[in-house]
Amino acid sequence: MEQAIWSIGIDTSQTDHVVCTMDATGQNTGRTRVAIGLEATSVYHWPLLDFFTQTPALHPWDPTWYVLNPKVVHEFRQTFVDRAKTDRSDAALIADAIRFGRLTPVPPPDPKYVALPVLTRHRRQLAPLITPEKNRALTPVFCLWAGYGQGSPEQPFLSAVFGRASEHMLTQDTPDTVGVAQKPLAEFAVETAAIGGVAWKAPDDIARTFHPHRAYRLQPAESQARHHSLILHRETIRSLEPQRKPWDKSRVRDPQFAAFYERKYREATHHAHKLAGVLTARQVLGVVYGLLTRGQLDNPRKVMPQ
């Protein structure tokens, strides 16, 4: 005998939630087997969905879960020209949308994997924060040290502009600091070598780009402001980059895919890193797609890339 399904619509918000239940005829009462739906409203629906799916008291009702796109709810509301928009009416609207059907249920969140998207999304959001900050920092770098990064072709070091040694050179003084402008190039090169150590293999070339004679002469007030701005950019970058390093050392170091990457890197004749990275990403996507479509968990013995 087929069970009656009761639709439950929940309008979520930051402070409270409004619930509406209805049977197949649209009556707001009773329940036997339930279908529970929430509108995807920022993060407000997530803790409630997580709580409900992990509540044993609901399991006997064999619940089906729905998370409705706000656009779906909005378009469905257009079919009710006289329905006011209130929390109660929104809850009834969600329950009605479930009752009408043609919606795809979602699997309940699995506690074993909930943490994964939270952490990986945080890692993914760091890059868009760091890169623009570095680009903005290049403005005071150019205004204060115009020749920086214009060294010999054999020793390009612009990519290391935000390294520790480079930052020390850029932020310790301005070209107009007393004593810096008159400092001989040879003395400047010795100091450059001492700061950079083994990281800088061409201190003479780097010293030439740092030498004050190649820098623009700004008004003292602007020079100090640019210098202060550069220091603030550096501090922001330093606060963000350490957050990314733990992920780069663990989650992206799967030994199987690392071996695949190394092999493709050695085989490449040009653009080795980019080519090996793309091919490795294709392998990862293929494995993830296969696991998802077959409903399987990761088994290292079965996903070894060839």
Side-chain angles (χ1 to χ4, degrees), residues 1-122 124-125 284-299:
M1 182 177 178
E2 186 177 353
Q3 286 183 306
I5 299 179
W6 294 82
S7 302
I8 302 178
I10 306 175
D11 183 69
T12 61
S13 67
Q14 187 173 8
T15 56
D16 53 23
H17 310 299
V18 178
V19 180
C20 175
T21 65
M22 62 178 62
D23 61 14
T25 65
Q27 299 301 312
N28 183 7
T29 180
R31 66 180 179 270
T32 52
R33 181 168 171 258
V34 297
I36 303 176
L38 304 90
E39 184 179 2
T41 51
S42 184
V43 298
Y44 299 141
H45 73 285
W46 179 257
L48 186 63
L49 176 66
D50 186 61
F51 171 76
F52 276 157
T53 56
Q54 305 305 320
T55 300
L58 285 174
H59 295 172
W61 307 106
D62 192 18
T64 305
W65 307 97
Y66 296 88
V67 177
L68 280 65
N69 188 305
K71 184 177 180 180
V72 172
V73 178
H74 173 75
E75 295 297 331
F76 190 71
R77 181 180 286 109
Q78 306 309 309
T79 62
F80 300 93
V81 294
D82 58 346
R83 178 173 289 186
K85 189 181 186 323
T86 64
D87 291 344
R88 286 182 177 275
S89 67
D90 284 352
L93 190 72
I94 294 171
D96 247 340
I98 297 173
R99 183 173 64 88
F100 273 86
R102 299 185 180 179
L103 295 175
T104 303
V106 299
D110 191 326
K112 294 182 295 184
Y113 303 110
V114 167
L116 182 61
V118 174
L119 298 177
T120 52
R121 285 170 186 168
H122 183 82
R124 184 173 179 269
Q125 291 165 355
V284 174
L285 287 175
V287 170
V288 172
Y289 178 80
L291 293 173
L292 291 175
T293 53
R294 293 190 296 269
Q296 296 177 345
L297 297 178
D298 183 14
N299 185 341

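Worth knowing before you read on, the calculation uses all heavy atoms, side chains too, and leaves out hydrogens, waters and symmetry mates.
- I98 and A35 make their closest contact through CG2-CB, 3.7 Å (heavy atoms, listed as atom of the first residue, atom of the second, distance).
- The minimum heavy-atom distance between A40 and V67, with the atom names listed, is CB-CG1, 3.7 Å.
- Between the side chain of Q54 and the backbone N or O of P109, at least one donor-acceptor pair lies under 3.5 Å.
- Here the side chains of E39 and V72 are not in contact, with every heavy-atom distance at 4.5 Å or above.
- Distance check: I8 CD1 to W65 CH2 gives 8.0 Å after rounding to the nearest 0.5 Å.
- Taking every heavy atom of both residues into account, C20 and A95 meet most closely at O-CB, 3.8 Å.
- Atom OG1 of T41 and atom CG of D90 lie 10.0 Å apart (nearest 0.5 Å).
- Residues L68 and L103 have side chains in contact (heavy-atom distance under 4.5 Å, counting atoms from C-beta outward).
- Minimum interatomic distance between Y44 and P47 (heavy atoms only, all atoms of both residues): O-CD, 3.7 Å.
- Within the 4.5 Å cutoff, no side-chain heavy atoms of L38 are placed close to those of F52.
- T53 OG1 to L58 CG: the interatomic distance, rounded to the nearest 0.5 Å, is 9.5 Å.
- The distance from atom CD of Q125 to atom OG1 of T120, rounded to the nearest 0.5 Å, is 9.5 Å.
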Which is it for I36 and I10 under the side chain to side chain contact (heavy atoms under 4.5 Å, CB included) test, yes or no, and what are the steps along the way?
-> CA-CA 8 Å; I36 303 176; I10 306 175; 3.8 Å; yes
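- Rounding to the nearest 0.5 angstrom, the gap separating the CG atom in D96 from the CZ atom in R77 is 12.0 Å.
- Considering CG of D50 and NE2 of H45, their distance stands at 10.5 Å, rounded to 0.5 Å.
- Note on ring orientation: taking the six-membered ring where Trp is involved, the planes of F76 and F100 are perpendicular (angle over 60°, cut-offs 30° and 60°).
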